[in-house]
Colleague: 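Sending over a structure as structure tokens; questions will come in a sec.
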Amino acid sequence: MADISVTLPDGSVRTLPPGSTVHGLAAAIGAGLAKAAIAGRIDGSLVDLDAKLVDGSRVEIITEKSPEALEIIRHSTSHLMAQAVKSLFPEAKVTIGPAIETGFYYDFDVDHPFTPEDLEKIEKKMEELAKAGLKIERQELSSADAVKLFREMGEDYKVELIEDLGVDHVSLYRQGDFADLCRGPHLPSTSWCKAFKVTSIAGAYWRGDEKRKMLQRVYGTAFPDKKQLDEYLARIEEAKRRDHRKLGRELDLFSFSDEVGAGFAIWHPKGAMLRTVIEDFERREHLKRGYDIVVGPQVLKTELWQRSGHYDNYRENMYFTEVDEQSFGIKPMNCLSHMMIYKSHLRSYRDLPLRFFELGTVHRHERAGVLHGLLRVRCFTQDDAHILCTPEQLDAEIKGVISFVQDVMGVFGFEFEMELSTRPEKSIGSDEDWERATGALLGALKDSGRPYEINEGDGAFYGPKIDIKLRDSLDRRWQCATIQCDFTLPERFDLTYIDADGEKKRPVMVHRVILGSIERFIGVLIEHFAGNFPVWLSPVQAVVLTVTDNQATYAQQVFDTLRGAGVRVQKDFRNEKLGFKIREAQLQKIPYMLVIGDKEVESGTVTPRFRDGSNLSPMDPAAFAEYLAREVASFH
RNA sequence: GCCGAUGUAGCACAGGGGUAGUGCAGCUGAUUCGUAAUCAGCAGGUCAGCGGUUCAAAUCCGCUCAUCGGCUCCA
């Protein structure tokens with residue numbers, strides 16, 4: 001047999017004896033590489049280290065440092081966990097166990113849910129098995145043989161998986177007495193699992209279907225080394241420290257109450273101030289961009305919800321009430337009033353586009369288990385707008401919204417991701433409508449110069465949409481802004497305008513929010529800043545602190561001056577030591593502390609201390625108010 | 001809605017069949033003090049709610065509600 005030649009990523013060609021493996025190639029290049037290699041890539045496909053080389057192919061050696069390594073390590077660690085579980089709980093049935101963004105999980109079917117003590121046992125067992133350095137070996141066999149094998153093992157879920165795959169051959173991986181159906185690739189041996197942790201346990205439906213059996217999902221995480229694992233765990237701790245639910249209580253922004261009802265936030269003075277600042281900002285920004293502010297009622301007749309289709313499609317999420325034998329629905333969305341405002345006149349093409357903006361408070365009866373602080377509530381306020389325009393105007397309108405989103409996110413300092421969702425199988429509207437709207441969204445995305453993803457078939461039944469997602473401190477993505485084209489509502493409400501040719505035409509409608517839910521946005525905002533809001537957002541911008549009672553009269557004058565100048569200022573004249581007052585202001589994360597002692601009384605000044613501990617030089621109160629105003633203006 | 005855990009003072013937590021505990025916060029008094037906690041005293045609870053077992057339940061059991069971690073859902 002002839003030697004085989006392969007091309008390396010740097011373009012060089014290596015020739016090896018027939019039957020050589022990826023590992024053989026690594027060894028031929030260098031002993032160090034052979035030791036660091038965990039997998040390979042042949043012509044673009046990831047393979048095991050002992051995979052045979054193919055003549056004429058391009059080959060790359062994957063080491064722990066390669067970006068692909070993390071997924072392989074985590075996937076192999078999930079197998080290690082499955083092996084540990086099978087050895088501790090032989091009656092457990094294995095299902096699937098993929099790598100995920102934060103680590104990995106494995107779902108098991110067990111009679112008794114795992115306890116926290118079980119998790120410790122599992123982790124200990126994994127350490128044992130890792131230390132044993134079991135060789136991980138790939139085996140290919142026919143699907144029929146694999147079905148037979150897993151059936152004998154009592155692994156019904158694996159049998160179902162193989163049968164659903166509908167292929168002739170499958171691969172399985174063996175380590176010690178454990179075997180799992182898997183495409184691979186995997187680490188060469190369990191000894192490569194060096195830094196992992198079993199983190200939590202949860203129920204999860206088989207194949208994500210709530211009608212099927214609930215399995216026990218064990219979550220874990222894994223990294224190439226202990227240092228990276230520790231860094232990850234430290235990041236989780238930091239995320240807990242900046243959890244908006246904890247900071248919301250500590251900073252006295254909002255609370256929830258059993259007596260009020262689940263999912264209904266009550267906004268304390270400081271939280272309500274924060275909202276107000278954001279809402280004022282939003283009104284200004286919308287007016288600048290040619291939106292009109294409108295206001296609709298909280299409760300609308302049920303007939304109207306029937307006409308819009310919400311009653312058929314969204315009823316189980318709505319609250320209803322009956323008065324004078326008339327049924328009303330509490331609004332879960334703001335579009336209906338906006339439709340009715342449009343319909344209140346005969347509209348000309350000269351009136352379009354119309355952009356109706358409302359800070360609209362909606363109620364949605366979310367299922368009990370999904371509530372999550374401010375990020376998922378049952379009553380929230382949207383910065384909602386509906387744009388009604390001619391088909392020709394659609395492109396420009398969408399572009400306008402995307403640039404609006406970019407401007408606003410820039411002001412708050414958020415990174416975000418954009419996704420386009422296209423026509424689903426079940427949908428209404430003509431092909432032409434869909435093409436035009438999808439084209440408009442896509443064109444605007446391309447124009448934005450930012451990366452975006454496409455979710456084929458993930459659009460709403462009534463039109464395509466762009467979703468914009470922010471990341472929270474735990475790397476969870478939360479949808480905030482969304483831009484949705486809608487073909488149904490103009491139809492159902494028979495919205496028209498008179499075009500230049502005198503004909504009645506149907507306007508195009510776009511639903512869009514920029515921040516989305518003010519509640520959710522504030523939740524993400526709190527975590528983003530860890531409660532250290534920039535001065536323009538801080539509910540309290542400055543606090544006046546006296547050193548002793550002797551300065552109270554002058555301090556009150558300072559307080560009055562600042563409040564008169566529009567500064568959001570508090571005072572703390574209590575008979576406490578300065579250090580104590582500074583500590584409290586610091587814990588409240590107030591940006592400026594204005595210390596008033598005898599020196600300041602004498603010179604008629606204040607000495608501002610920033611929350612990072614630095615001091616500005618003394619200045620008179622009016623000058624400080626101006627300084628603050630300039631700082632606020634610099635943000636937007 | 002589903003799986004699991006949790007629910008004790010405003011907050012953070014301890015206790016685990018027989019007067020309900022600590023720290024911080026609160027109140028009162030003393031201290032008049034210069035950049036992250038001055039000292040002392042006092043007060044504060046239907047132990048989430050309802051029902052059951054028991055001579056006796058915060059504690060054991062059941063149901064409900066809420067919260068937490070996931071799943072599912074998210075026009």
Side-chain angles (χ1 to χ4, degrees), chain A residues 100 105 107 110 112-116 118-119 199-219 240 243 245-246 249-250 252 255-263 305 308-310 312-318 332-335 362 364-373 375-376 378 382 384 421 459-463 465 467 474 476 478-479 482 484 486 488-489 511 513 516-517 520 545-552 574-588 593-600 607-611 613-615:
Chain A
I100 54 173
Y105 66 78
D107 287 347
V110 281
H112 299 287
F114 296 119
T115 64
D118 291 337
L119 294 194
T199 51
S200 61
I201 172 93
Y205 301 108
W206 169 231
R207 302 200 139 179
D209 183 343
E210 65 179 320
K211 288 183 195 71
R212 304 188 73 168
K213 187 160 185 182
M214 180 151 281
L215 308 170
Q216 294 301 312
R217 173 170 299 178
V218 184
Y219 283 94
K240 277 185 194 155
D243 189 311
R245 292 165 297 188
K246 184 167 153 25
R249 186 168 45 239
E250 287 170 3
D252 199 17
S255 62
F256 290 90
S257 152
D258 289 12
E259 289 160 290
V260 173
W305 296 113
S308 68
H310 287 89
D312 288 336
N313 294 300
Y314 203 64
R315 188 182 21 194
E316 59 284 0
N317 281 300
M318 286 179 66
M333 293 172 207
N334 303 298
C335 25
V362 297
R364 296 183 184 177
H365 187 264
E366 302 288 351
R367 290 163 99 181
V370 306
L371 302 175
H372 182 94
L375 299 181
R376 192 84 182 260
R378 284 178 171 158
Q382 294 178 299
D384 202 3
S421 297
F461 72 89
Y462 54 72
K465 60 177 181 172
D467 288 331
L474 272 172
R476 286 176 297 207
W478 291 97
Q479 184 177 316
T482 174
Q484 311 188 341
D486 188 338
T488 57
L489 281 181
H511 307 251
V513 289
S517 142
R520 173 176 293 181
L545 308 178
T546 48
V547 176
T548 73
D549 287 351
N550 300 329
Q551 298 90 29
R574 289 174 305 171
N575 176 16
E576 295 287 353
K577 292 171 97 163
L578 182 63
F580 179 82
K581 296 186 196 182
I582 287 191
R583 177 183 153 81
E584 287 209 341
Q586 194 79 44
L587 291 174
Q588 283 298 303
M593 296 160 229
L594 306 176
V595 177
I596 310 284
D598 287 338
K599 273 188 291 185
E600 286 75 15
T607 305
R609 175 197 199 272
F610 194 65
R611 68 185 153 204
S614 63
N615 276 313

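Because only heavy atoms are used, hydrogens play no part in the values below, and waters and symmetry mates are left out as well, while side chains stay in. A note on names: the letters A, B, ... follow the listed sequences, proteins ahead of strands, and every chain is numbered from 1.
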Colleague: Of the listed nucleotides (B:U72, B:A37, B:U35), which one gets closest to any side-chain atom of A:V370?
Modeller: B:U72
Colleague: Do A:L587 and A:E250 have side chains that get closer than 4.5 Å, going by heavy atoms?
Modeller: no
Colleague: To the nearest Å, how far apart are A:F114 CZ and B:G69 P?
Modeller: 22 Å
Colleague: More 5' along RNA chain B: A:N550 or A:G261, using each one's nearest nucleotide?
Modeller: A:N550
Colleague: Would you classify A:A204 as touching base, sugar-phosphate or nothing, given that sugar-phosphate means primed atoms plus P, OP1 and OP2, and contacts are heavy atoms under 4.0 Å?
Modeller: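 Since only primed, P, OP1 and OP2 atoms lie under 4.0 Å of A:A204, the category is sugar-phosphate.
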Colleague: Rounded to the nearest angstrom, tell me the gap between atom CD in A:Q586 and atom P in B:A37.
Modeller: 11 Å
Colleague: Taking only the side-chain heavy atoms of A:E210 (C-beta and beyond), determine which of B:A25, B:G1, B:G34 contains the nearest atom.
Modeller: B:G1
Colleague: Once you measure the plane-to-plane angle for A:Y462 and A:H511, does it fall in the parallel (<30°), tilted (30-60°) or perpendicular (>60°) bin?
Modeller: tilted
Colleague: Categorize A:H511 for me: base, sugar-phosphate, or nothing, with a 4.0 angstrom heavy-atom threshold over every strand shown.
Modeller: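 Nothing, no heavy atom under 4.0 Å.
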Colleague: Is the shortest heavy-atom distance from the side chain of A:R212 to the side chain of A:Y205 under 4.5 Å?
Modeller: no
Colleague: If I take atom NZ in residue A:K577 and atom C1' in nucleotide B:U32, what distance separates them, rounded to the nearest angstrom?
Modeller: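 Rounded to whole Å, this separation is 11 Å.
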Colleague: Once you round it to whole Å, what is the distance between C1' of B:C73 and NE2 of A:H365?
Modeller: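 The distance from NE2 of A:H365 to C1' of B:C73 comes to 13 Å, rounded to the nearest Å.
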Colleague: Take atom CG of A:D107 and atom P of B:C2, then tell me their distance rounded to the nearest Å.
Modeller: 19 Å
Colleague: Between P on B:U67 and CZ on A:F256, what's the gap in Å once rounded to a whole number?
Modeller: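 To the nearest whole Å, that distance equals 8 Å.
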Colleague: In terms of base orientation, is B:U19 syn or anti, with the syn window spanning 90° either side of 0?
Modeller: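 Because its glycosidic torsion lies within 90° of 0, B:U19 adopts the syn conformation.
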Colleague: Look at the side chain of A:R249 and decide which nucleotide, out of B:C11, B:U38, B:U72, has an atom nearest to it.
Modeller: B:C11
Colleague: Using the C1' atom in both, what is the distance from B:G26 to B:U32, to the nearest Å?
Modeller: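 One C1' to the other, the span is 23 Å.
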Colleague: For B:C61 versus B:U53, give the span between their P atoms, rounded off to a whole number of Å.
Modeller: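 Those two atoms are separated by 15 Å.
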Colleague: Say you pick atom P in B:G10 and the same atom in B:U6; how far apart are they, in whole Å?
Modeller: 23 Å
Colleague: Check if the side chain of A:Y205 and the base of B:G1 share a donor-acceptor pair of N or O atoms closer than 3.5 Å.
Modeller: yes
Colleague: Under 4.0 Å, counting only non-hydrogen atoms across every strand here, what does A:D486 touch: a base, just sugar-phosphate, or nothing?
Modeller: nothing
Colleague: Does the B:C71 base have a donor-acceptor partner in the side chain of A:R367 within less than 3.5 Å?
Modeller: no
Colleague: Do A:H112 and A:Q216 make a side-chain contact, defined as non-hydrogen atoms from C-beta onward lying under 4.5 Å apart?
Modeller: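 Heavy-atom side-chain distance check fails, nothing below 4.5 Å.
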Colleague: Look at all strands and tell whether A:D209 reaches a base, only sugar-phosphate, or nothing, counting heavy atoms closer than 4.0 Å.
Modeller: nothing
Colleague: For the pair made of CD1 in A:I582 and P in B:U35, what is the distance, rounded to whole Å?
Modeller: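 Rounded to whole Å, this separation is 7 Å.
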Colleague: Contact class for A:G369 vs. all strands (heavy atom < 4.0 Å): base, sugar-phosphate, or nothing?
Modeller: base
Colleague: Using a heavy-atom cut-off of 4.0 Å across all strands, would you classify A:G579 as base, sugar-phosphate, or nothing?
Modeller: sugar-phosphate
Colleague: Between A:L215 and A:A262, name the one whose nearest nucleotide on RNA chain B is closer to the 5' end.
Modeller: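 Comparing both residues, the 5'-ward one is A:L215.
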Colleague: With a non-hydrogen cut-off below 4.0 angstrom, is A:Q216 in contact with a base, only sugar-phosphate, or nothing?
Modeller: sugar-phosphate
Colleague: Is the closest basic N to carboxylate O distance between A:R207 and A:D209 below 4.0 Å?
Modeller: no
Colleague: With a 3.5 Å limit on both atom pairs, tell me what B:A48 is paired to, counting Watson-Crick and G-U wobble, or say none.
Modeller: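 Pairing partner: B:U64.
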Colleague: Which atom names give the shortest non-hydrogen contact between A:S421 and A:G459, and what distance separates them?
Modeller: CB-N, 3.5 Å
Colleague: Would you call A:D486 and A:Q484 a side-chain contact if the rule is heavy atoms closer than 4.5 Å?
Modeller: no
Colleague: B:G1 and B:U72: how far apart are their C1' atoms, nearest whole angstrom?
Modeller: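 That atom pair is separated by 8 Å.
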Colleague: If we take the C1' atom in both B:A9 and B:U22, what is their distance in whole Å?
Modeller: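 Going atom to atom, C1' in each nucleotide, I get 12 Å.
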Colleague: Under 4.0 Å, counting only non-hydrogen atoms across every strand here, what does A:R376 touch: a base, just sugar-phosphate, or nothing?
Modeller: base
Colleague: Pairing check on B:G69: which nucleotide meets the Watson-Crick or G-U wobble criteria with it, both distances under 3.5 Å?
Modeller: B:C3
Colleague: Tell me the interatomic distance from A:D258, atom CG, to B:U8, atom P, rounded to whole angstroms.
Modeller: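 Distance check: A:D258 CG to B:U8 P gives 11 Å.
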Colleague: Using Watson-Crick or G-U wobble geometry with both distances below 3.5 Å, tell me the partner of B:U54, or none.
Modeller: none
Colleague: With heavy atoms under 4.0 Å as the rule, sort A:Y314 into base, sugar-phosphate or nothing.
Modeller: sugar-phosphate
Colleague: Which nucleotide, if any, forms a Watson-Crick or G-U wobble pair with B:A36, using both distances under 3.5 Å?
Modeller: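 Partner of B:A36: none found under 3.5 Å.
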Colleague: Considering only atom C1', compute the distance from B:A12 to B:G4 and round it to an integer number of Å.
Modeller: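 Pairwise C1' distance, B:A12 against B:G4, rounds to 24 Å.
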Colleague: Looking at A:R245, I'd like to know whether one of its side-chain N or O atoms comes within less than 4.0 Å of OP1 or OP2 on B:C68.
Modeller: yes
Colleague: Identify which nucleotide among B:U35, B:G1, B:C71 has an atom closest to any side-chain atom of A:T607, counting heavy atoms from C-beta outward.
Modeller: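 Closest of the options to the side chain of A:T607: B:U35.
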Colleague: Select base, sugar-phosphate, or nothing to describe what A:Y105 touches, counting heavy atoms under 4.0 Å on all strands.
Modeller: nothing
Colleague: Any N or O donor-acceptor pair linking the side chain of A:E600 to the base of B:G34 at under 3.5 Å?
Modeller: yes
Colleague: Does the side chain of A:L545 come within less than 4.5 Å of A:I582's, by heavy atoms?
Modeller: yes
Colleague: Can you tell me the base-pairing partner of B:G17? Count Watson-Crick or G-U wobble geometry only, both distances below 3.5 Å, and say none if there is no partner.
Modeller: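 None - no nucleotide pairs with B:G17, as no candidate has both distances under 3.5 Å.
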Colleague: I need the single residue from A:E600, A:E576, A:R574, A:K581 that forms a side-chain hydrogen bond (donor to acceptor under 3.5 Å, both in side chains) with A:T546. Which is it?
Modeller: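 That would be A:K581.
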Colleague: Any base atoms under 4.0 Å from A:K599, or only sugar-phosphate, or nothing? Heavy atoms, all strands.
Modeller: base
Colleague: Give me the distance, rounded to whole Å, that separates B:G52 from B:A57 when you measure between the P atoms they each carry.
Modeller: 12 Å
Colleague: Distance between the P atoms of B:U54 and B:A40, in whole angstroms?
Modeller: 50 Å
Colleague: Taking pairing as Watson-Crick or G-U wobble with both contacts under 3.5 Å, can you name the mate of B:G23, or confirm there isn't one?
Modeller: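 Checking every strand shown, B:G23 finds its partner in B:C11, with both distances under 3.5 Å.
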